[in-house]
Amino acid sequence: MDTAAAPTFRDATDADVDVLVALIESAYRGDASRAGWTTEADILQGQRTDPEGVLAVIKSPDSRLLTVEREGRVVACCQLEHRGDHAYFGMFAVSPARQGAGLGKVIIAEAERRARETWGVSAMHMTVISVREDLIAWYERRGYRRTGETSPFPYGDERFGIPLRDDLRFELLVKPLA
């Protein structure tokens, strides 16, 4: 793990919106995203999120957008949303320059800890585009399991990107939280 400085965690504020949109876009879309391994550039074009979507997560009473900083710079984020007996984990982005050094493992462990301690939930849920086998395998190594339960990709809604293939869907992954 990159030990330059320990990451600090805080809830995002309205002032973070532009920085977070840029971070999320850099991790998933366009040529810049190819510097990391989480890119979706080969399956989706267009945007991954927008300021309105990020602000909605920040403002929602049942959500928090956990912002991760190193040396005063935002380097990652993830959404946590309370949904009854479980929490939803989404909008996870690590700066492409910081990927592959163990930061993602630290963030997901902290997100699970916070969801368990804050809301008393017994499980974490997430959805991943089903063709992202490398990403799903990464989550499986962190204790998530594939459920086989899928939901359709929102074709035609460019807020979520412009698909480059016609077989995209989301698969639900679940991890029990001890």
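Because the structure is predicted, anything quoted here is derived from the model rather than measured.
Residues E25 and T49 bring no donor and acceptor atom of their side chains to less than 3.5 Å of each other.
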Query - Check against side-chain contact (heavy atoms from CB on, under 4.5 Å), Y144 and M126 - result: CA-CA 9 Å; Y144 288 80; M126 70 173 69; 3.5 Å; yes
Q: Would you sort out whether E158 and Q47 count as a side-chain contact (heavy atoms from CB on, under 4.5 Å), showing the intermediate values?
A: CA-CA 7 Å; E158 291 188 5; Q47 71 178 31; over 6 Å; no
Q.
Checking I108 against R142 for the side-chain contact (heavy atoms from CB on, under 4.5 Å) test, could you report, in this order, the C-alpha distance in whole Å, the side-chain angles of both residues, the deciding distance, and whether it holds?
A. CA-CA 8 Å; I108 200 166; R142 314 271 108 42; 4.0 Å; yes
| request: Decide side-chain contact (heavy atoms from CB on, under 4.5 Å) for R145 and K175; before the verdict, give the C-alpha distance in whole Å, the side-chain angles of both, and the deciding distance to 0.1 Å. | output: CA-CA 6 Å; R145 65 174 177 76; K175 178 180 180 178; over 6 Å; no
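Proximity of E140 to R146: side-chain heavy atoms (C-beta onward) are separated by under 4.5 Å at one or more points. Two residues are said to be in side-chain contact when any heavy atoms from C-beta on lie closer than 4.5 Å; K105 and R141 fail this criterion. A heavy-atom distance below 4.5 Å is found between the side chains of V121 and L177. L135 is listed as a side-chain neighbour of W37, based on a closest heavy-atom distance under 4.5 Å. With contacts defined as side-chain heavy-atom distances shorter than 4.5 Å, the pair L23/V19 does not qualify. Contact check for R159 versus E52: no side-chain heavy atoms found under the 4.5 Å cut-off. Looking at F92 and C77, their side chains never come closer than 4.5 Å, going by heavy atoms from C-beta outward. Side-chain contact check for D11 versus T67: every heavy-atom pair is 4.5 Å or farther apart.
One finds the CG atom of L103 at 9.0 Å from the OG atom of S95 (value rounded to the nearest 0.5 Å). To the nearest 0.5 Å, atom CD1 of residue I58 and atom CG of residue L20 are 6.0 Å apart. L173 CG to S130 OG: the interatomic distance, rounded to the nearest 0.5 Å, is 10.5 Å. One finds the CG atom of D16 at 4.0 Å from the OG1 atom of T13 (value rounded to the nearest 0.5 Å).
Ring-plane geometry between H125 and H86 is classed as parallel, the angle between the planes falling under 30 degrees on a 0 to 90 degree scale with a further cut at 60.
Of the possible polar contacts, one joining the T118 side chain to the R114 backbone as a donor-acceptor pair under 3.5 Å is found. Between the side chain of S63 and the main chain of S60, no donor-acceptor pair closer than 3.5 Å is present. For Q45 (side chain) and P163 (main-chain N/O), no donor-acceptor pair under 3.5 Å exists by modelled atom type. For the pair T38 (side chain) and A27 (backbone), a donor-acceptor distance under 3.5 Å is present. Side chain of T147 to main chain of L172: a donor-acceptor pair is present (N/O by atom type, distance under 3.5 Å, no hydrogens or angles). Side-chain atoms of S122 come within 3.5 Å of backbone atoms of D85 as a donor-acceptor pair (strictly under, hydrogens ignored). Proximity of a side-chain donor or acceptor of E171 to a complementary backbone N or O of G148 within less than 3.5 Å is detected. Not one N or O on the side chain of D157 forms a donor-acceptor pair closer than 3.5 Å with the backbone of P154.
With respect to R73 and E69, no salt bridge is recorded, no charged nitrogen being found less than 4.0 Å from a carboxylate O. Between D42 and R34 there is a salt bridge, since a side-chain N of the basic residue sits under 4.0 Å from a carboxylate O of the acidic one.
In the hydrophobic cluster analysis, where Ile, Leu, Val, Met, Phe, Trp and Tyr join through side-chain heavy atoms closer than 4.5 angstrom, Y88 is grouped apart from I107. Hydrophobic cluster membership differs between V174 and F89, with clusters built from Ile, Leu, Val, Met, Phe, Trp and Tyr side chains linked at under 4.5 angstrom.
The minimum heavy-atom distance linking P7 with V68 is given by the pair CB-CG1, 3.7 Å. Smallest separation of non-hydrogen atoms from P96 and S26: CG-O, 3.1 Å. Taking all atoms of both residues into account, the shortest heavy-atom contact from M124 to E112 is CE-CA, 3.7 Å.
W119 does not carry R116 over the face of its six-membered ring by the limits of under 6.0 Å from the centre and within 45° of the normal.
Summarising the local packing, CZ of R169 is surrounded by 12 or fewer heavy atoms from other residues, nucleotides or ligands at distances under 6.0 Å. Within a 6.0 Å radius of CZ in R10, more than 12 heavy atoms belonging to other residues, nucleotides or ligands are found.
Chaining together hydrophobic side chains whose heavy atoms lie under 4.5 Å apart places V131 alongside I43, L44, I129, F153, Y155, F160, L168, F170.
Every side chain to side chain donor-acceptor pair (under 3.5 Å) that T39 has, sequence neighbours left out, goes to S33.
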